[in-house]
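One structure is given here, and the rest of the page talks about it.
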Amino acid sequence: VMWAIVLATMLASGEPQVPTIMSSYSTLDNCRKELLRVGTIGGYEPVVSPMVGLAVVKVEAKKTTTAFCVKDMRSI
């Protein structure tokens with residue numbers, strides 16, 4: 001089973017955006033470590049979401065960007 005970091009953007013206008021798979025990892029632990037490392041560099045705040053678990057979030061005036069780890073179903 002592989003894990004992937006997914007980047008989701010929500011625009012203030014409500015216009016739908018398709019989430020993007022950024023990179024894949026062999027374990028959930030490795031995915032989360034990279035998520036936190038990259039999030040810190042990009043100015044994201046770590047959060048624990050009831051829907052996706054550990055995530056990083058960046059809130060800006062016109063959009064909110066969230067990144068989180070998911071099981072990569074393409075490898076199953």
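- For the pair L7/T65, a side-chain contact is recorded, criterion being any heavy-atom separation below 4.5 Å from C-beta on.
- A distance of 9.5 Å separates OG1 of T27 from CH2 of W3, quoted to the nearest 0.5 Å.
- In this structure, K62 NZ and S13 OG are separated by 9.0 Å, a value rounded to the nearest 0.5 Å.
- Within the 4.5 Å cutoff, the side chain of I5 has heavy atoms near those of the E34 side chain.
- By the salt bridge (charged side-chain N to carboxylate O under 4.0 Å, His left out) test, K33 is found to be paired with D29, residues two or more places apart in sequence or in another chain being considered.
- Linking ILVMFWY side-chain heavy atoms closer than 4.5 Å, directly or via other members, places V70 and M51 in a single hydrophobic cluster.
- To the nearest 0.5 Å, atoms CD (E60) and OG1 (T9) are separated by 9.0 Å.
- When all heavy atoms are compared, the tightest approach of L28 to C69 is CD1-CB, 4.0 Å.
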Quiz: residues 18-26 side-chain donor-acceptor pairs under 3.5 angstrom, not counting sequence neighbours:
from: S23; atom 1: OG; to: Y25; atom 2: OH; distance (Å): 2.8
from: S24; atom 1: OG; to: D72; atom 2: OD2; distance (Å): 3.3

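- Considering NZ of K58 and CD of E45, their distance stands at 10.5 Å, rounded to 0.5 Å.
- With a 4.5 Å cut-off on side-chain heavy atoms, L36 and V56 count as touching.
- Rounding to the nearest 0.5 Å places CG of L54 at 11.5 Å from CZ of F68.
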